[in-house]
Amino acid sequence: MKVLVAVKRVVDYNVKVRAKADGSDVDLNNVKMAINPFCEIAVEEAVRLKEAGVATEVVAVSIGDKSCQEQIRTALALGADRGIQVETEGSVEPLVVAKLLKGVVEKEQPQLVILGKQSIDGDNNQTGQMLGALTGMAQGTFASEVAVDGDKVNVTREIDGGLQTVGLNLPAIVTTDLRLNEPRYASLPNIMKAKKKPLDVFTPADLGVEVTSHLTTLKVEPPAERQAGIKVESVADLVDKLKNEAKVI
Amino acid sequence: MSTLVIAEHDNASLKAATLNAVTAAQALGADIDVLVAGANCGAAADEAAKIAGVGKVLVADNAAYEHQLAENVSLLVAEVGGAYDNIVAPATSNGKNTMPRVAALLDVAQISDIISVESADTFKRPIYAGNVIATVQSSDAKKVITVRTTAFDAAPAEGGSAAVEAVGAAHDAGISSFVGEEVAVSDRPELTSASIVISGGRGMQNGENFTLLEAVADKLGAAIGASRAAVDAGFVPNDMQVGQTGKIVAPDLYIAVGISGAIQHLAGMKDSKVIVAINKDEDAPIFQVADYGLVADLFEALPELSSSL
């Protein structure tokens, strides 16, 4: 069984991103970039499926300019077998990403596509579901457990009230939540090996997709700042303030 | 102009998130209908009909929709929604699961997790864990939107008398099935709609110690939440997680206990009206957003707090 994993290059999760002074965009100058944490979990899950003998090949795909090859190499160092970059410029909306991924799915014919549930830059939480609609595949979103069983996969999902398990026909789509696994660290030998693994580059035109835009960002701005609060000395002081000053209890 | 709101419900009753979505839909300035998709969901539909400001309630009552499987419900919503200018759902786990599928079927963008409606085609939404607010304009004729429920007041649950109509073909994509679920049963208020929330973090040390939070919660009628660290460590289940990728809450009072205050956690609670932080580390970032900070050992402070309430 072939597994396709999508990875995205995003700002490192430790970076506190700020809006540019003119409000045109966020300031990403000299900011550390990394693989989106949910995508890293997706790669780990695919590699574990291969180690368990369920998957035979793991292909990592990323959409972006040449710099995203760095994140594809990260996926290869974690254990993916080969990479695909779809070359695009600037930011690409989730619907277009899903169309490009559909093109890759048609070429590669994977039985399972694993993606992060959301990227921590746009926080959209759309691409996996959109890919599901475009390919007609079933989806197990926000996964905390994935169990492949013959031509089906059972996915346990983190939902508002707790956990839900769904059974999906293969091929299917899985989007990862935080508890699915804990990604490994890439070892130095594996990082060296990753440099020699094959990486193909396609253009959107190769995949028959036109890159369109449906949304325009008019402005980005910082959120309303909270007023700095005060320190209280004791529990009694706290209860008094909540009762008589804030009047919330 | 017309807007279709997708109801959040469990077949037996309507969830409060629907009311927030209706308020967001009203800001779009169009007539509002509500779609209730489920199985034996008549009671939820009757509740939806009472929401003030709703024109019509459309009910798709079929076994295929019982568990809100996205593969089936998205086909229904795309069909029924074809006649509307806007399709709006709360950004609950169901809304997040189904709506992007609807948008892709209709070949339009989705605008996720909006926090305000600036005009019929322009919205504000948080990005980068809420560190930045983006104003986005949609050029699609039809808009598919999910709503951050904490950013919109609940529409009145009573006062309307909408007609209830059966709609939609039975769409069963036949590619997915419901296997089972483990849903927490609690007498406490729901985390996302509670007026007081008390959350524990890594500082709680283990799951048993959450009983200290429960004692306070019982006195205050509060819901109990947790930071990602506490959930990852296995102290408490995932449905209690507050944060960028967990639940977004904005209660009147949020009490953070033993939580350091990572930006991913702040993203889920910083719109609370009053924030209290109890932490023994006086340099913890949580104090930078807290209205009232108490530097104390939580194992002493919590029993004292519960006995003084």
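By convention in this document, chain letters (A, B, ...) are assigned in the order of the sequence lines, proteins followed by strands, and residues within each chain are numbered from 1.
- In terms of heavy-atom pairs under 4.5 Å with chain B, the best-connected choice from A:Leu168, A:Asp121, A:Asn14 is A:Asp121.
- Neither the backbone nor the side chain of B:Asp10 comes within contact range of chain A, judged by heavy atoms closer than 4.5 Å.
- Proximity to chain B is limited to the side chain of A:Leu238, based on heavy atoms less than 4.5 angstrom apart.
- Heavy atoms closer than 4.5 Å to chain B are found in both the backbone and the side chain of A:Glu221.
- Heavy-atom proximity under 4.5 angstrom to chain B picks out A:Glu93, A:Leu95, A:Lys99 from residues 88-111 of chain A.
- Under the 3.5 Å distance criterion, with hydrogens and angles disregarded, a donor-acceptor pair is assigned to the side chains of B:Ser112 and A:Gln126.
- With a 4.5 Å cut-off on non-hydrogen atoms, A:Ser234 touches chain B through its backbone but not through its side chain.
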Between A:Val235 and B:Ser308, is the side-chain contact (heavy atoms from CB on, under 4.5 Å) condition met? List the steps.
CA-CA 8 Å; A:Val235 169; B:Ser308 62; 4.0 Å; yes
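- For chain B, the nearby parts of A:Tyr13 are the backbone and the side chain; heavy atoms of each come within less than 4.5 Å.
- Residue B:Ala103 comes nearest to A:Met130 through the heavy atom pair CB-CE, 3.8 Å, listed as atom of the first residue, atom of the second, then distance.
- Looking at A:Glu225, there are no atoms closer than 4.5 Å to chain B (heavy atoms on both sides), in backbone or side chain.
- Interface residue B:Ile263: only side-chain heavy atoms are found under 4.5 Å from chain A.
- For chain A, the nearby parts of B:Lys96 are the backbone and the side chain; heavy atoms of each come within less than 4.5 Å.
- A side-chain donor-acceptor contact under 3.5 Å links B:Arg125 to the backbone of A:Gly122.
- Among residues two or more places apart in sequence or in another chain, the side-chain contact (heavy atoms from CB on, under 4.5 Å) test is passed with A:Asn181 by A:Ile41, A:Glu44, A:Glu45, A:Arg48, A:Pro183.
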Under the side-chain contact (heavy atoms from CB on, under 4.5 Å) criterion, do B:Val276 and A:Leu242 qualify, and how do the steps go?
CA-CA 9 Å; B:Val276 169; A:Leu242 292 178; 3.7 Å; yes
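- Residues satisfying the ring-ring contact (aromatic ring centres under 6.0 Å, His included) test with B:Phe178, not counting sequence neighbours, are B:His67.
- A:Ser213 touches chain B through its backbone: at least one of N, CA, C or O sits under 4.5 Å from a heavy atom, while the side chain does not.
- The neighbour count for A:Lys2 NZ, taken as heavy atoms of other residues, nucleotides or ligands under 6.0 Å away, is above 12.
- Of the two parts of A:Asn154, only the side chain, counted from C-beta on, holds a non-hydrogen atom closer than 4.5 Å to a non-hydrogen atom of chain B.
- Proximity to chain A involves both the backbone and the side chain of B:Glu182, based on heavy atoms less than 4.5 angstrom apart.
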Apply side-chain contact (heavy atoms from CB on, under 4.5 Å) to residues A:Val248 and B:Ile196 and explain how you reach the verdict.
CA-CA 9 Å; A:Val248 284; B:Ile196 301 180; over 6 Å; no
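- In this structure, B:Ser93 contributes its side chain and A:Asp160 its backbone to a donor-acceptor pair below 3.5 Å.
- Interface residue B:Leu309: only side-chain heavy atoms are found under 4.5 Å from chain A.
- At a 4.5 Å heavy-atom cutoff, B:Ala296 makes no contact with chain A through either its backbone or its side chain.
- A:Pro223 places a side-chain heavy atom less than 4.5 Å from the side chain of B:Lys270.
- For B:Leu294, the parts sitting under 4.5 Å from any heavy atom of chain A are the backbone and the side chain alike.
- Heavy-atom neighbours of chain A within the stretch residues 286-293 of chain B, taken at a separation under 4.5 angstrom, comprise B:Phe287, B:Val289, B:Ala290, B:Asp291, B:Tyr292, B:Gly293.
- Residue contact with chain B, scored on non-hydrogen atoms closer than 4.5 Å, involves the backbone and the side chain of A:Val17 alike.
- Of the two parts of A:Ile249, only the side chain, counted from C-beta on, holds a non-hydrogen atom closer than 4.5 Å to a non-hydrogen atom of chain B.
- Looking at B:Glu300, neither its backbone nor its side chain comes within 4.5 Å of chain A, counting heavy atoms on both sides.
- Interface residue B:Thr122: only side-chain heavy atoms are found under 4.5 Å from chain A.
- The residue from A:Leu163, A:Asp177, A:Leu178 that alone fulfils the side chain to side chain contact (heavy atoms under 4.5 Å, CB included) condition with B:Asn238 is A:Leu163.
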The test is side-chain contact (heavy atoms from CB on, under 4.5 Å); show your working for B:Val231 and A:Arg179 and say whether it passes.
CA-CA 9 Å; B:Val231 178; A:Arg179 259 68 64 176; 3.4 Å; yes
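- For the pair A:Lys231 and B:Glu282, the salt-bridge criterion is not met [side-chain N within less than 4.0 Å of a carboxylate O].
- Residue contact with chain A, scored on non-hydrogen atoms closer than 4.5 Å, involves the backbone and the side chain of B:Ser177 alike.
- Contacts of B:Glu190 with chain A are absent, with no heavy-atom separation under 4.5 Å from either backbone or side chain.
- Contact annotation for B:Leu69: only side-chain heavy atoms (C-beta onward) come within less than 4.5 Å of a heavy atom of chain A.
- Contact tally against chain B (heavy-atom pairs below 4.5 Å) for A:Val220, A:Thr165, A:Val166: the top residue is A:Thr165.
- For the residue pair B:Gln110 and A:Asn124, no side-chain donor N or O sits within less than 3.5 Å of a side-chain acceptor on the partner.
- Looking only at distances, a side-chain donor or acceptor of B:Ser139 sits under 3.5 Å from a matching main-chain atom of A:His214.
- Using a 4.5 Å cut-off between heavy atoms, A:Arg18 touches chain B through its backbone atoms (N, CA, C, O) alone.
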